[in-house]
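Note that the structure is a prediction, hence the values are computed from the model and not measured.
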Amino acid sequence: WSRTGGTGGAITLSDATAQQPTFTADTLAVNAGSVTYIFDLVVTDNNGASSLADSVTISVNSAIDTVAPTVSITGAPTSFTGSTSFDVTIAFSEDVTGFEATDINISGGTITTLSGSGSTYTASITTVGNGDLSLQVSAGAAVDVGNNGNEASETVTVSNDVTTKTAQQISDFTQNRNSNILNTMPDFGAFLTGNGGFSTKGFFLNLEDSSGVFSSAGLLTPYVSSQNFAGKTVVWYQLRAVHSEVNTSAANIAVGYIGTHRFVRPNLLIGGVLQADFATETDGSAGSSGSGKGFMIGPYIATEFKDTALRFEGMALWGRSANKVSPTGAYTDRYMTSRWLARTKLSGSFQRGLWTIQPYTALAYFSETQSAYTDSLANLIPPQTITLGEAKLGAEFSRSFTSQRGNPVALTLGAAAMTNFALTTNPGSQSFPFGAGIWRSQINLGLSTYTANGWTLSFEGFLDGLGVSNYMSYGGTLRAEIRF
């Protein structure tokens, strides 16, 4: 035997004189085609005579691949918020060629880059922020060595939670703001006694008194009892600032009231009040923020039961607010709310030595409804109603004395326990820490002095959130008055 040709590589026969020698053929790749090996056989007899050459051709064929590659998409997050970017891995079951970014079907985003080769590729995705994101590699996007097109991948869907998170941010901001507003309520019943304490802050103008007296709601008011105000009209205002912290959120609010009432009888007054507030809130961990300006207006009433030191007051307010929310820090949207508030309070008063003690109980309910709107990413933010009820039990202790300079000074101490009820918030809200039935405590301290030249200077501070974790609220009021 002898090798005379063929397309195969060099080989070595096991025994060229054997009747059936063997050799090792080339190893061919899948779908590489075939190669040939041509041999001549010459037989020689015992007399030394040789036969004519007999040619033999041997063909070796490669394996044929008819299996389509499969492809998978991994590494996508379970959800995203608004417009963001992330990478996914696209893995084929074998090496392929011809795969491009345009071979990826995408909804709700764009392919910014595609890198890789062989069987593994990385795609960078940027979401548009409107709706969910879906990804799929098309069938036949790439081919393997056998020119088999790939099968289509499964569709990967990533949910856009910006609508949910925006609603949660609005709910948290509204609930915290309303809780802080409840901490600024005026004490209308204090007007009846002429020693409004420090629960009501502001200046009062007796419009019908020719002496022209401005007086505070503190213990040192020039009027001593409601008898002095029978048939009179009083104008007052109150300003207060509050700071609160809940988990990783920090909120600030400034609240102002201006009101007027008339003493229908010595023990009964009826009036109206306008409230305005400005609030801000930021969440450092979430990168979100919110702010809002609002107002409420409505009537109030206060009465003292005859021949007792028991007083009742009630108030009902209605209003609106204009707000801003930035759920991710990347953009800011505006929305409106309508709101209403109702509050009642029952209080008493008795003397123990030099101290006047005023126990009280109060009940409040706050409801605010956010209007639906379309955000900057064209997502519809649905409407929601946030409600907050608060029950409060407390007492204030007040005492008057004279300073070393001879100026009268009043000191007020207070403590209260409170709990919330009728809470309706967004199910995912995290920032409001008080569930129904959770009690917390609040303390306050006030000081007022009246100077010889007619000035009254007053300050009160409070601390809320005692007895609960991850929450603190505090605020203060500074006011001045002058007689002329």
Quiz prompt | For Leu463, all residues meeting side chain to side chain contact (heavy atoms under 4.5 Å, CB included), sequence neighbours excluded | solution = Ile443, Leu466, Met472, Tyr474

Exercise. For Glu390, enumerate each residue passing the salt bridge (Lys or Arg N to Asp or Glu O under 4.0 Å) test, keeping only those at least two apart in sequence or located in another chain.
Key: Arg440

Quiz item: Once you round to the nearest 0.5 Å, how far does OG of Ser289 lie from CD of Glu281?
Solution: 9.5 Å

Quiz item: How long is the gap from CZ on Arg352 to CD1 on Ile357, to the nearest 0.5 Å?
Solution: 6.0 Å

Self-check item: Phe462: ring-ring contact (aromatic ring centres under 6.0 Å, His included) partners, not counting sequence neighbours
Solution: none

Quiz prompt | Counterpart residues, ring-ring contact (aromatic ring centres under 6.0 Å, His included), relative to Tyr121 (two or more places apart) | solution = Phe92, Phe99

Quiz item: Any side-chain heavy atom of Leu341 sitting closer than 4.5 Å to one from Gln275?
Solution: no

Self-check item: Criterion side-chain contact (heavy atoms from CB on, under 4.5 Å) against Leu133, the qualifying member of Thr157, Asn160, Ile106
Solution: Ile106

All N/O donor-acceptor pairs, side-chain side in residues 373-382, below 3.5 Å, sequence neighbours left out:
| from | atom 1 | to | atom 2 | distance (Å) |
| --- | --- | --- | --- | --- |
| Asp375 | OD1 | Leu377 | N | 2.9 |
| Asp375 | OD1 | Ala378 | N | 3.0 |
| Asp375 | OD1 | Asn379 | N | 2.7 |
| Asp375 | OD2 | Asn379 | ND2 | 3.4 |
| Ser376 | OG | Asp333 | OD1 | 2.5 |
| Asn379 | OD1 | Gly131 | N | 3.2 |
| Asn379 | ND2 | Gly129 | O | 2.7 |

Self-check item: Flag side-chain contact, heavy atom, 4.5 Å: Leu317 against Tyr300
Solution: no

Quiz item: Who are the side chain to side chain contact (heavy atoms under 4.5 Å, CB included) partners of Trp355, not counting sequence neighbours?
Solution: Phe397, Arg399, Leu411, Leu413

Self-check item: Side chains of Gln442 and Ser473 in contact at under 4.5 Å (non-hydrogen atoms)
Solution: no

Quiz item: So do the side chains of Gln358 and Asp187 get within less than 4.5 Å of each other, counting heavy atoms only?
Solution: no

Quiz item: What pairs with Thr282 under side chain to side chain donor-acceptor pair (under 3.5 Å), at least two apart in sequence or on another chain?
Solution: none

Listed pairs under 3.5 Å, donor-acceptor, residues 71-84 side chains, sequence neighbours left out:
| from | atom 1 | to | atom 2 | distance (Å) |
| --- | --- | --- | --- | --- |
| Thr81 | OG1 | Asp161 | OD1 | 2.5 |
| Thr81 | OG1 | Lys165 | NZ | 3.4 |
| Ser83 | OG | Thr127 | O | 3.1 |

Practice problem: Please assess Glu368 against Arg177 for the test side-chain contact (heavy atoms from CB on, under 4.5 Å), listing each intermediate value before the final yes or no. | Solution: CA-CA 11 Å; Glu368 189 159 2; Arg177 175 175 63 183; 2.7 Å; yes

Exercise. Determine yes or no for a side-chain-to-main-chain donor-acceptor pair under 3.5 angstrom, with Thr166 supplying the side chain and Val162 the backbone.
Key: yes

Practice problem: Using distance alone, with no hydrogens and no angle criterion, decide if Gln169 and Ser288 have a side-chain donor and acceptor under 3.5 Å apart. | Solution: yes

Quiz item: Does the side chain of Leu423 come within less than 4.5 Å of Leu388's, by heavy atoms?
Solution: yes

Quiz item: Are Ser85 and Thr126 close enough that a side-chain donor and a side-chain acceptor fall under 3.5 Å?
Solution: yes

Quiz item: If you round to the nearest 0.5 Å, how far is CG of Leu182 from CE of Met418?
Solution: 9.5 Å

Quiz item: Heavy-atom distance under 4.5 Å between the side chains of Arg240 and Tyr257, does that happen here?
Solution: no

Quiz item: Between the side chain of Thr122 and the main-chain N/O of Thr89, is any donor-acceptor distance below 3.5 Å?
Solution: no

Quiz prompt | Close side-chain approach of Pro299 to Ile270, heavy-atom, < 4.5 Å | solution = no

Quiz item: For Arg320, does the CZ atom have more than 12 heavy-atom neighbours from other residues, nucleotides or ligands under 6.0 Å away?
Solution: yes

Quiz item: Can you list the residues that meet the side chain to side chain contact (heavy atoms under 4.5 Å, CB included) rule with Ala152, with sequence neighbours excluded?
Solution: Gln136, Ala139

Quiz item: Under the 3.5 angstrom rule, does the side chain of Arg311 hit a backbone N or O of Gly189 as a donor-acceptor pair?
Solution: yes

Self-check item: Inter-residue atom distance Tyr360.OH - Glu313.CD, 0.5 Å rounding
Solution: 10.5 Å

Exercise. Measure the spacing between OG1 of Thr337 and CG of Asn323 and express it to the nearest 0.5 Å.
Key: 5.0 Å

Self-check item: side chain to side chain donor-acceptor pair (under 3.5 Å) contacts touching residues 107-117 (sequence neighbours left out)
Solution: Thr113-Ser124

Quiz item: Side chains of Val156 and Val88: closer than 4.5 Å at any heavy-atom pair?
Solution: no

Quiz item: Taking only residues two or more places apart in sequence, or in another chain, which ones meet Phe278 in a side chain to side chain contact (heavy atoms under 4.5 Å, CB included)?
Solution: Thr280, Lys293

Quiz item: What do the steps show when you test Ile104 against Ile90 for side-chain contact (heavy atoms from CB on, under 4.5 Å), and what is the final call?
Solution: CA-CA 10 Å; Ile104 303 173; Ile90 300 173; 3.5 Å; yes

Quiz item: For the atom pair OG1 (Thr260) and CG (Leu274), what is the distance rounded to the nearest 0.5 Å?
Solution: 12.5 Å

Quiz item: Pairs in or reaching into residues 100-112: which pass salt bridge (charged side-chain N to carboxylate O under 4.0 Å, His left out), with residues at least two apart or in two chains?
Solution: none

